[in-house]
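Here is the structure we will look at.
Below, read A as the first sequence line, B as the second, and so on, with proteins coming before strands; counting in each chain starts at 1. Because only heavy atoms are used, hydrogens play no part in the values below, and waters and symmetry mates are left out as well, while side chains stay in.
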2 protein chains.
Amino acid sequence: MGPPAEALRKLGYPATRGRGEILRILSESPLPLSPREILDRFPAPRPDASTVYRNLSLLVSLGLVRSVALHERSRRYELATDGSHRHRVVCRRCGRIDSFQPRRCDLSRLEADIRGTLGYDVKEHSLEFFGACPKCRATEEGR
Amino acid sequence: MGPPAEALRKLGYPATRGRGEILRILSESPLPLSPREILDRFPAPRPDASTVYRNLSLLVSLGLVRSVALHERSRRYELATDGSHRHRVVCRRCGRIDSFQPRRCDLSRLEADIRGTLGYDVKEHSLEFFGACPKCRATEEGR
DNA sequence: ATTGCAGATGCAAATATTTTGCAACGGTAG
DNA sequence: CTACCGTTGCAAAATATTTGCATCTGCAAT
């Protein structure tokens with residue numbers, strides 16, 4: 001099943017088909033996916049939705065998967081492999097989603113500020129941008 | 001009803017009781033609230049949940065209210081008055097939420113990058129931090 | 001290869017969240 | 001004060017997520 005299976009076993013959890021598929025599906029998607037989208041991409045026989053939710057929840061708690069909040073009805077999920085930290089850009093008009101890896105994510109200073117003023121030990125952050133994608137900007141020209 | 005009412009009327013929408021209350025409730029909360037929490041704070045007679053959803057949706061589209069995504073089951077909402085841009089810090093352990101106003105939100109550079117590489121005209125961003133609040137850090141000491 | 005156990009899955013149902021249709025009601029402009 | 005248009009309540013549907021329980025599966029020790 002590959003490296004993910006080992007990662008799971010190492011953490012003491014069986015590497016079941018469902019978990020392997022979720023990780024594979026996420027690894028093949030350029031975009032974070034909703035539970036529903038993940039389920040739809042499962043090869044037959046499809047698992048029950050509850051299994052997908054349970055596994056996503058486990059994988060998130062193990063740090064193998066990360067949730068992404070784009071202000072939609074449901075959350076999305078993406079692989080949290082290695083140091084793959086990403087930011088999102090969402091088009092308010094057509095819903096297109098792009099993501100990019102920041103050159104150097106210099107929010108460390110802000111995080112230090114937070115530690116100093118609010119006392120939080122910040123471990124993660126999530127940054128999303130919203131605006132108009134090139135295509136929609138072109139369409140809007142004659143507004 | 002106050003300034004919010006004028007803002008609504010100016011935009012061509014009736015300033016109904018429900019809208020006024022939502023704006024008041026949000027203005028009195030130091031934290032962004034979920035639709036459910038907003039409903040719970042309504043003085044009797046409480047409106048139907050659908051009314052709250054419809055109004056939140058309208059207020060967001062008018063720019064008077066902003067949604068906040070903290071990777072929870074439902075979104076939260078906050079007043080979007082004036083230039084009140086805020087960032088959140090959420091405790092992963094106890095769920096405590098703090099927010100703060102960045103001294104100077106120097107993401108403009110990143111936004112310029114995005115415009116250059118992806119072609120998006122970025123109009124807004126949303127930045128959340130996750131970690132351990134001071135209280136929970138103390139509790140965890142003897143882990 | 002076989003077996004036993006802890007944990008995972010399917011299924012059904014409960015719970016939570018959000019949306020929609022429609023008739024009655026309320027806010028605003030004149 | 002009246003008329004009109006948009007809003008609200010209510011009921012119901014659609015969507016999203018969680019949970020209990022019996023059965024099945026992955027894993028490790030034979």
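Comparing C:dA12, C:dT9, D:dA16 by their closest approach to the side chain of A:S50 singles out C:dA12.
Remark: B:T16 is not in phosphate contact with D:dG6, judged by side-chain N or O atoms under 4.0 Å from OP1 or OP2. Contact check, A:R73 against C:dT17: no side-chain N or O comes under 4.0 Å of OP1 or OP2. Between A:T51 and C:dG10 there is a side-chain polar atom (N or O) within less than 4.0 angstrom of OP1 or OP2. The side chain of A:Y53 contributes an N or O atom lying less than 4.0 Å from OP1 or OP2 of D:dT17. Between C:dT28 and B:R9, a contact under 4.0 Å exists linking OP1 or OP2 to a side-chain N or O.
Across the interface with DNA chain C, nearest-nucleotide mapping of B:P35 and B:Y13 shows B:P35 to be the residue nearer the 5′ end. Map B:N55 and A:P14 each onto its nearest nucleotide of DNA chain D; the residue landing nearer the 5' end is B:N55.
Going from atom CG of A:L56 over to atom P of C:dT9 covers 11 Å, rounded to whole Å. Between the CD atom of A:E21 and the P atom of D:dT25 there is a distance of 16 Å, rounded to whole Å. Atom C1' of nucleotide C:dA8 and atom CZ of A:F42 are separated by 13 Å, given to the nearest angstrom. Taking atom NZ of B:K10 as the reference point, atom P of C:dT28 lies 15 Å away to the nearest angstrom. Here the P atom of nucleotide D:dC24 and the CZ atom of A:R17 are 17 Å apart, to the nearest Å. Summarising the geometry, the separation between CG on B:D40 and C1' on C:dA16 is reported as 13 Å, rounded to the nearest angstrom. Following rounding to the nearest Å, A:L39 (CG) and C:dT9 (P) show an atom-to-atom distance of 13 Å. Distance A:D48 CG to D:dT25 C1': 17 Å, rounded to the nearest Å.
Ring pair B:H125/B:H85: centre-to-centre distance below 6.0 Å.
No contact: A:S34 has no heavy atom under 4.0 Å from any strand. Nucleic acid contact for A:R36: none, since no nucleic acid atom lies under 4.0 Å from a heavy atom of the residue.
In this model, no side-chain donor or acceptor of B:R54 finds a partner on the base of D:dG6 within 3.5 Å. Under 3.5 Å, the side chain of A:R19 and the base of D:dG26 form no donor-acceptor pair of N or O atoms.
Annotation: A:R36, atom CZ; neighbour count of heavy atoms from other residues, nucleotides and ligands within 6.0 Å does not exceed 12. In A:Y13, the OH atom is not crowded: 12 or fewer heavy atoms of neighbouring residues, nucleotides or ligands sit closer than 6.0 Å.
From A:L56, atom CG reaches atom CD1 of A:I22 across 4.5 Å, with rounding to the nearest 0.5 Å.
Side-chain contact, A:R86 with A:S99: a donor N or O sits under 3.5 Å from an acceptor N or O.
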